[in-house]
There are 2 protein chains.
Amino acid sequence: MAERDDTEKQPVHKRGYGVSTVYETLRNEIIELKLAPGSPVDEQQLSDRFALSRTPIREALVRLAAEGLITTLTNRTTIVSNIDFLGLGEFFDALTLMYRVTTRLAAANHQASDIDGIRALQLQFQTAVEARDVLGMIATNRDFHVAIAEAGRNRYYTDLFTRLLDQGRRILRLYYSSFNDVLPRQYVGEHEDMIQAIINRDIDGADKLAAAHADQIVSQIRSYITADNRQTARLPL
Amino acid sequence: MAERDDTEKQPVHKRGYGVSTVYETLRNEIIELKLAPGSPVDEQQLSDRFALSRTPIREALVRLAAEGLITTLTNRTTIVSNIDFLGLGEFFDALTLMYRVTTRLAAANHQASDIDGIRALQLQFQTAVEARDVLGMIATNRDFHVAIAEAGRNRYYTDLFTRLLDQGRRILRLYYSSFNDVLPRQYVGEHEDMIQAIINRDIDGADKLAAAHADQIVSQIRSYITADNRQTARLPL
DNA sequence: TGCCGACTTCGTGTCGACAATAAAAATACA
DNA sequence: TGTATTTTTATTGTCGACACGAAGTCGGCA
């Protein structure tokens with residue numbers, strides 16, 4: 001689909017920042033599906049592109065592999081990890097639990113200053129919705145929930161949740177064309193309710209809202225997938 | 001305390017298995033506190049020890065850093081990560097939740113064959129308890145719960161839980177000298193109850209048992225730590 | 001004698017090259 | 001013409017060496 005011809009060279013790196021640059025760049029491109037799942041990741045190609053030797057490239061790839069974003073076949077090749085549709089059940093389960101836990105903890109542990117950041121991101125999300133900027137919605141929605149997780153002050157949950165949300169971004173992007181506007185608008189309202197519950201330190205309320213929110217998103221994705229499947233099933237044979 | 005003079009050389013590696021050997025060896029030594037938290041990790045030294053060039057060593061270190069087991073100070077040195085006593089609250093919270101979730105899911109999703117593996121590990125744990133083999137207890141207890149998590153069939157929970165349990169092993173080892181036998185014996189019984197609940201597919205029962213089990217362990221560790229603190233507080237000044 | 005700056009040293013970050021390995025291509029054979 | 005075997009090729013895994021950066025060290029100056 002999308003060509004990867006936009007290989008701009010970024011020649012100058014400070015010593016020690018080469019790997020993290022490569023890591024972050026590739027990470028973004030994988031999450032934003034600029035690099036298609038299953039597509040091969042060539043070390044020499046990246047070496048040329050970033051004007052770095054293969055050693056720092058490799059270290060970045062090792063980090064990406066540790067996060068499961070790429071898969072390395074020993075001695076042969078490394079590819080962008082495929083989206084595991086069979087494991088989607090596990091994914092949704094974990095995602096829902098993390099939505100709930102992080103929102104609960106935010107209600108319990110947040111400090112006043114956290115709210116400002118959350119509010120700002122909610123505003124960004126809202127403007128993205130109004131502008132019908134689907135990609136922006138996906139990104140800002142992610143940031144909004146990460147901010148809530150950080151207000152909850154449990155790094156273990158935040159780490160797992162962030163990884164799950166980023167995984168989710170890959171899936172959402174696959175289906176973003178089918179977005180309509182009624183759901184996103186609803187999300188704005190749900191976000192608003194969640195913020196209120198957090199401010200009121202209403203832990204159980206926050207939990208319930210988060211659970212409902214998660215269910216919304218999960219069933220939305222599920223419906224996209226089954227709709228997609230139906231299309232394939234209708235293919236003339 | 002323990003010297004790290006036992007640096008045996010392992011010269012022969014199959015191509016591609018060098019890094020994983022280094023990774024696993026170091027990982028074990030860190031978790032088992034053979035490498036003290038805060039102690040420096042020298043690449044050249046490891047290079048000599050494993051009879052490998054620094055490149056594969058480095059890749060192993062990157063993986064360890066991604067898991068948080070070591071900390072790399074850019075351009076300077078890399079050390080074995082310190083145990084974060086201030087973040088212990090977060091740790092216990094996440095640990096408890098994962099105990100509950102994995103046991104719940106095991107009750108819901110296990111297959112008959114899983115039970116055999118769990119039973120075998122429970123037996124190992126029991127023999128370690130009877131032999132008063134504290135180190136064995138810590139290790140087999142970990143394996144027992146990992147097996148339950150795997151029977152629950154959610155890789156996201158299993159991953160996080162495994163990491164948490166391994167972190168916990170470092171903490172437990174710090175205090176293993178203060179172990180008495182009454183608690184471990186109690187754990188054997190609690191494990192037995194958990195297995196029964198899982199077999200009966202009693203999800204809520206499994207949850208409750210896991211929660212109680214986790215609380216036991218957490219309060220045990222907490223009491224060790226506070227006892228330790230009291231000692232320091234009693235120091236003559 | 002105490003503080004500031006150049007120098008030395010040690011270890012990491014990066015590089016280019018070589019070796020091994022597995023897939024693909026080419027060849028031989030039935 | 002189809003299949004088994006050898007050869008080629010592309011790409012990874014590993015290596016030894018160099019270069020940069022930060023501590024610690026030493027000497028100069030007030």
Side-chain angles (χ1 to χ4, degrees), chain A residues 4 7 9-27 30 35-82, chain B residues 4 7 9-27 30 35-82:
Chain A
R4 280 173 264 108
T7 57
K9 291 206 179 190
Q10 292 121 303
V12 271
H13 299 286
K14 269 187 186 168
R15 179 188 176 82
Y17 286 79
V19 280
S20 44
T21 309
V22 176
Y23 168 77
E24 281 159 22
T25 307
L26 288 184
R27 179 189 160 76
I30 292 172
L35 268 57
S39 65
V41 178
D42 189 272
E43 294 178 5
Q44 291 192 137
Q45 207 167 298
L46 292 173
S47 177
D48 293 344
R49 173 175 169 199
F50 288 96
L52 283 168
S53 117
R54 271 180 52 230
T55 313
I57 303 285
R58 254 169 153 275
E59 292 190 7
L61 293 185
V62 169
R63 283 177 66 180
L64 289 169
E67 279 187 63
L69 289 173
I70 64 174
T71 311
T72 72
L73 293 321
T74 317
N75 261 321
R76 201 54 211 143
T77 183
T78 95
I79 58 171
V80 178
S81 293
N82 283 305
Chain B
R4 359 195 181 82
T7 57
K9 292 207 176 187
Q10 292 121 304
V12 272
H13 299 286
K14 267 188 185 167
R15 179 189 175 83
Y17 286 79
V19 280
S20 44
T21 309
V22 176
Y23 168 76
E24 282 160 21
T25 308
L26 288 184
R27 179 189 158 77
I30 292 172
L35 293 164
S39 64
V41 178
D42 189 275
E43 294 179 5
Q44 294 190 131
Q45 207 167 300
L46 292 173
S47 178
D48 294 344
R49 171 173 171 200
F50 288 96
L52 283 168
S53 116
R54 271 179 52 228
T55 312
I57 303 284
R58 250 164 159 280
E59 292 190 7
L61 293 185
V62 170
R63 283 177 66 183
L64 290 169
E67 280 187 62
L69 289 174
I70 64 174
T71 310
T72 72
L73 294 320
T74 316
N75 261 321
R76 200 59 210 137
T77 182
T78 94
I79 58 170
V80 177
S81 292
N82 283 306

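Hydrogens, waters and symmetry mates are skipped; everything else that's a heavy atom, side chains included, is used. Since the model is a prediction, treat every value here as computed from it, not as a measurement.
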Could you go step by step and tell me if A:I30 and A:E67 meet the side chain to side chain contact (heavy atoms under 4.5 Å, CB included) rule? CA-CA 12 Å; A:I30 292 172; A:E67 279 187 63; over 6 Å; no
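What separates OH of B:Y17 from P of D:dT12 is a distance of 17 Å, to the nearest Å. Rounded to an integer number of Å, the gap from B:L73 CG to D:dA22 P is 12 Å. As a whole-Å value, the separation of A:I57 CD1 from C:dT14 C1' is 11 Å. In this entry the distance linking CD of A:E59 with C1' of C:dT12 reads 10 Å, nearest Å. Distance B:I79 CD1 to C:dG11 C1': 15 Å, rounded to the nearest Å. Atoms CG (B:L52) and P (D:dG16) sit 10 Å apart, rounded to a whole Å. Counting to the nearest Å, the C1' atom of D:dT14 and the CG atom of A:N75 are 11 Å from each other. Rounded to an integer number of Å, the gap from CG of B:D48 to P of D:dG16 is 11 Å.
Ranking C:dC15, C:dA23, C:dT12 by closeness to the A:R76 side chain, first place goes to C:dA23. Listed nucleotides: D:dA23, D:dT12, C:dT21. Nearest to the side chain of A:Q44: D:dT12. With D:dA10, D:dC15, D:dC18 as the candidates, the nucleotide lying closest to the side chain of B:R54 is D:dC18. The side chain of B:D42 approaches C:dT12 more closely than any other nucleotide in the set D:dG16, C:dT12, C:dT14. In this structure, of C:dC15, C:dT21, C:dT12, it is C:dC15 that holds the atom nearest to the side chain of A:P56.
Under 4.0 angstrom from either OP1 or OP2 of C:dT14 there lies no side-chain N or O belonging to A:S53.
Comparing A:T77 and B:T55 by the nucleotide of DNA chain D that holds the closest heavy atom to each, the one mapping nearer the 5' end is A:T77.
With hydrogens and angles ignored, a donor-acceptor pair under 3.5 angstrom links the side chain of B:R15 to the base of D:dT12.
Side-chain contact check for A:L26 versus A:L64: some heavy-atom pair is nearer than 4.5 Å. Proximity of A:V22 to A:L52: side-chain heavy atoms (C-beta onward) are separated by under 4.5 Å at one or more points.
Between B:T77 and B:P40, the shortest heavy-atom distance links the atoms OG1-CB, 4.4 Å. In terms of heavy atoms, A:V62 sits closest to B:E59 at CG1-O, 3.8 Å.
Nucleic acid contact class of A:E43 (heavy atoms, under 4.0 Å, all strands): sugar-phosphate only.
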